[in-house]
Amino acid sequence: MAEFSKKVLQVVAKIPKSKTLTYRQVAEMAGNPKAYRAVGNILAKNFNPKVPCHRVIKSNGQPGGYNRGEQNKIKILKSENAIK
DNA sequence: CGTATGACGTGCA
DNA sequence: GTGCACGCCATAC
């Protein structure tokens, strides 16, 4: 696995509960602030349950997508009160 | 290496 | 606020 992908998963896995980060923030913390596009790509292929990818949303506040279903992602975020 | 794809971001009409 | 085009990076082929 490439360092960047690993870093992204690591960063997402460190996201505290009821907290959300934008794809941009994740990419920035991963070391490549310009790879926000790749972040979504990586998370889309990542099925690791240790990585709460549902905590990662778009910079405009929209939930974005989810490999388990967008509706499911929204549901989880609402359940955790991570979004308004 | 070149092309296509995708859970994005920004700019502009 | 909405819709569209372009740019961006990693990955698959």
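Below, chain A is the first sequence line, B the second, and so on; all start at residue 1.
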> Does dC8(B) have OP1 or OP2 sitting under 4.0 Å from an N or O in the side chain of T22(A)?
Replying inline: no

> Heavy atoms under 4.0 Å, any strand shown: does A27(A) hit a base, just sugar-phosphate, or nothing?
Replying inline: nothing

>> With a 4.0 Å limit, can you tell me whether S5(A) has a side-chain N or O closer than that to the phosphate oxygens OP1/OP2 of dA10(C)?
In response: no

>> Heavy atoms from C-beta onward define the side chain here; which of dA10(C), dT11(C), dA7(B) lies closest to that of A38(A)?
In response: dA10(C)

>> In this structure, how many angstroms lie between the C1' atom of dT11(C) and the NZ atom of K7(A), rounded?
In response: 20 Å

> When you measure from the side chain of R24(A) to the backbone N and O of P33(A), does any donor-acceptor pair fall under 3.5 Å?
Replying inline: no

> Looking across every strand, which nucleic acid part, if any, lies under 4.0 Å from A35(A) by heavy atom: base, sugar-phosphate, or nothing?
Replying inline: sugar-phosphate

> Base, sugar-phosphate, or nothing: which does N32(A) touch, judged by heavy atoms less than 4.0 Å apart?
Replying inline: sugar-phosphate

> Given dC8(B), is OP1 or OP2 found less than 4.0 Å from the side-chain N or O atoms of N41(A)?
Replying inline: no

> dC8(C) phosphate, OP1 or OP2: any side-chain N/O from K34(A) under 4.0 angstrom?
Replying inline: no

>> What is the separation between atom CZ on F47(A) and atom C1' on dA7(B), rounded to the nearest whole Å?
In response: 11 Å

> CG of N46(A) versus P of dA10(C): gap in Å, rounded?
Replying inline: 17 Å

> In whole Å, what is the span from the OH atom of Y36(A) to the P atom of dT11(C)?
Replying inline: 17 Å

>> What is the separation between atom CD on Q25(A) and atom P on dC8(B), rounded to the nearest whole Å?
In response: 16 Å

> For dC8(C), does either OP1 or OP2 sit under 4.0 Å from a side-chain N or O belonging to R24(A)?
Replying inline: no

>> Quick check: any donor-acceptor pair below 3.5 Å linking the side-chain of R37(A) to the base of dC8(B)?
In response: yes

> Name the one of L43(A), N32(A), V56(A), L9(A) that satisfies side chain to side chain contact (heavy atoms under 4.5 Å, CB included) with V26(A)?
Replying inline: V56(A)

> Are more than 12 heavy atoms from other residues, nucleotides or ligands located less than 6.0 Å from atom NZ of K7(A)?
Replying inline: no

>> From CG of L77(A) over to C1' of dA7(B), roughly how many Å is that when rounded to an integer?
In response: 12 Å

> Atom CG of N60(A) and atom P of dG3(C): how far apart are they, to the nearest Å?
Replying inline: 14 Å

> With a 4.5 Å limit on heavy-atom distance, are the side chains of I57(A) and L77(A) in contact?
Replying inline: yes

>> Output the rounded distance in Å from CD (E28(A)) to P (dC9(C)).
In response: 15 Å

>> Between E80(A) and R55(A), does any NZ, NE, NH1 or NH2 come within less than 4.0 Å of an OD or OE carboxylate oxygen?
In response: yes

